[in-house]
Amino acid sequence: MSPLAWASVAVFVSAYALIATEKVNRVAAALGGAWVMLLIHATNAGSAFFSEHAGIDWNVIFLLLGMMIIVGVLKETGVFEYLAIWAAKRAQGRPFRLMVLLVLITAGASALLDNVTTVLLIAPVTFLVCERLAVSPVPFLIAEALASNIGGAATLVGDPPNIIIASRGGLSFNDFLVHMAPMVIVLVAVFVGLCWLMWGRTFRYDPDRAEEVMALDEKEAIADPRLLWQSLVVLVLVLAAFVLHPVLHYEPSVVALLGAGVLVAFTKVTTEKSLAEVEWPTLVFFAGLFVMVGALVHTGVIDQVSRAAVEATAGRLDVATMGLLGGSAVVSAVVDNIPYVATMSPIVAELVAAQGGESAQVLWWALAFGADLGGNATAVGAAANVVVLGIAARNGTPISFWHFTKYGVIVTVVTVTLVAPYLWFRYL
């Protein structure tokens with residue numbers, strides 16, 4: 001690698017170490033790393049901000065912004081309090097039952113929506129219901145982030161890397177349902193068991209709190225029925241447009257911003273109130289992280305690492321599949337899986353073409369599983385993780401990098417280990 005490539009690696013590793021050790025605020029660390037990358041010319045303004053393949057993924061930034069505004073308007077209706085009481089009553093006030101219910105809802109919704117949108121909608125409910133039951137929301141938030149990445153792997157629209165893979169590999173929505181969804185269902189069931197092992201035995205049932213919750217009437221929580229119906233109509237249209245992306249060809253970011261604009265323009269919620277719920281530090285953190293990873297792409301670091309991994313397979317499909325699964329999981333734990341998949345997909349396309357035959361399609365599923373599940377390993381491995389940590393900090397219950405990661409690593413190791421024999425016996 002060139003001296004500039006090595007310098008960009010040093011900057012990235014240093015910034016990542018600051019984020020991981022929490023010696024410096026993670027937003028400051030990400031912005032500082034981006035600033036140094038621009039200073040040493042590891043990237044430039046065009047590559048970072050303006051080119052077709054810019055370091056900053058504006059689709060992700062504006063998707064988050066639009067959905068945060070929509071969630072801010074929904075919050076004014078009281079619907080989150082309604083859902084919190086409903087969930088607590090269905091779980092009969094028992095914390096682990098509640099966790100299972102929220103995990104299943106999150107995983108299922110993430111398969112139909114994108115996983116970031118799902119956690120934006122579920123997190124406010126989590127805080128309210130945990131407050132009702134007097135339990136810490138931290139285990140629930142971590143479980144939801146992990147469940148969103150697992151569930152999102154099931155479909156083409158569930159996780160942004162899947163959209164990139166589908167485009168490059170010529171794969172359809174039904175292809176993902178046939179090849180990814182069956183294993184994802186198994187992984188969700190296993191994850192519920194892991195939740196019991198990691199948190200379930202620590203929960204304490206408070207019969208007095210449970211009795212109070214069961215006596216509540218969730219309908220009384222709705223503060224503004226008219227605004228609720230307006231917001232739900234817009235939200236349903238936005239979610240439908242997400243699902244119909246292959247037909248409508250509107251980017252999710254455009255759809256989210258249009259939906260947010262409609263709510264701000266045509267409802268009585270003020271602009272100030274709707275923007276007050278936007279997680280600005282999270283958006284800025286993403287921007288800094290994208291610039292740093294974009295610099296690694298710009299200097300050829302990720303490309304060289306990816307090519308070296310492919311060459312190590314020596315043309316063997318079984319070695320390539322397992323290496324791609326494991327390597328993608330490891331790399332996606334460290335860098336955001338979106339730029340990684342964007343860089344790796346052309347190489348996988350070449351490998352699929354070189355291998356020939358229908359059996360070589362397994363490489364796409366190895367890449368998708370590795371990238372989607374590997375994002376669970378650390379607090380910055382996937383967009384949903386970063387969003388959950390930002391929401392937690394905003395609500396006064398910060399989750400540290402290592403507190404999240406110690407659970408994320410366990411889930412990643414278990415799920416990726418289970419996927420390996422699935423790919424082996426079904427395709428190899």
Side-chain angles (χ1 to χ4, degrees), residues 149-150 152-156 158-159 161-191 194 301-335 337-377 381-382 408-428:
N149 292 318
I150 296 172
T155 66
L156 187 154
D159 214 353
N162 292 4
I163 298 174
I164 298 171
I165 290 170
S167 176
R168 176 67 67 166
L171 304 170
S172 68
F173 190 90
N174 289 338
D175 288 330
F176 278 83
L177 285 180
V178 170
H179 296 280
M180 298 284 287
M183 189 60 199
V184 168
I185 293 172
V186 174
L187 295 179
V188 171
V190 170
F191 179 62
L194 288 175
V301 173
I302 290 181
D303 186 57
Q304 289 191 45
V305 172
S306 301
R307 289 186 180 277
V310 171
E311 290 172 4
T313 64
R316 292 182 55 186
L317 183 60
D318 55 349
V319 175
T321 300
M322 294 299 110
L324 192 57
L325 175 66
S328 298
V330 171
V331 175
S332 295
V334 179
V335 301
N337 53 16
I338 296 172
Y340 167 73
V341 169
T343 303
M344 196 67 189
S345 55
I347 300 171
V348 174
E350 293 176 9
L351 198 58
V352 170
Q355 291 283 346
E358 192 70 23
S359 60
Q361 295 292 320
V362 66
L363 296 175
W364 291 119
W365 312 128
L367 176 62
F369 272 122
D372 294 343
L373 300 177
N376 269 337
V409 167
I410 294 171
V411 173
T412 296
V413 170
V414 171
T415 53
V416 172
T417 300
L418 290 174
V419 167
Y422 168 74
L423 295 178
W424 184 275
F425 289 112
R426 181 170 179 178
Y427 303 101
L428 302 175

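Residue numbers count from 1 along this sequence. Values below: every heavy atom of this structure, side chains too, minus hydrogens, waters and symmetry copies.
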Residues forming a side-chain contact (heavy atoms from CB on, under 4.5 Å) with Val416, sequence neighbours excluded: Leu325, Ala329, Leu373, Thr412

Non-hydrogen atoms of Ala360 and Leu317 that approach each other most closely: CA-CD1, 4.2 Å

Minimum heavy-atom distance Leu324-Leu363, with the two atoms named: CD2-O, 3.2 Å

Atom of Leu156, atom of Ala166 and distance for their closest heavy-atom approach: CD1-CB, 3.5 Å

Spatial distance of atom CG (Leu187) from atom CG (Asp372) [nearest 0.5 Å]: 11.0 Å

All side-chain contact (heavy atoms from CB on, under 4.5 Å) counterparts of Val413, not counting sequence neighbours: Val409, Thr417

Rounded distance [0.5 Å steps], CG in Leu418 versus CZ in Phe191: 13.5 Å

Heavy-atom side-chain contact between Met322 and Leu423 under 4.5 Å: yes

All side-chain contact (heavy atoms from CB on, under 4.5 Å) counterparts of Ala349, not counting sequence neighbours: Arg168, Trp364

Which pairs would a plain distance check flag for residues 169-184, meaning a side-chain donor or acceptor within less than 3.5 Å of a matching protein atom at least two apart in sequence or in another chain?
unit_1: Ser172; atom_1: OG; unit_2: Asn174; atom_2: N; d: 3.4
unit_1: Ser172; atom_1: OG; unit_2: Asp175; atom_2: N; d: 3.1
unit_1: Ser172; atom_1: OG; unit_2: Asp175; atom_2: OD2; d: 3.2
unit_1: Asp175; atom_1: OD2; unit_2: Ser172; atom_2: N; d: 2.8
unit_1: His179; atom_1: ND1; unit_2: Tyr427; atom_2: OH; d: 2.7

Check: Val419 and Thr415 side chains under 4.5 Å, non-hydrogen atoms: no

Partner residues of Asn376 under the side chain to side chain donor-acceptor pair (under 3.5 Å) criterion, sequence neighbours left out: Asn149

Sequence-distant partners of Ser328, side chain to side chain donor-acceptor pair (under 3.5 Å), two or more places apart: Tyr340

Heavy-atom side-chain contact between Thr155 and Asn162 under 4.5 Å: no

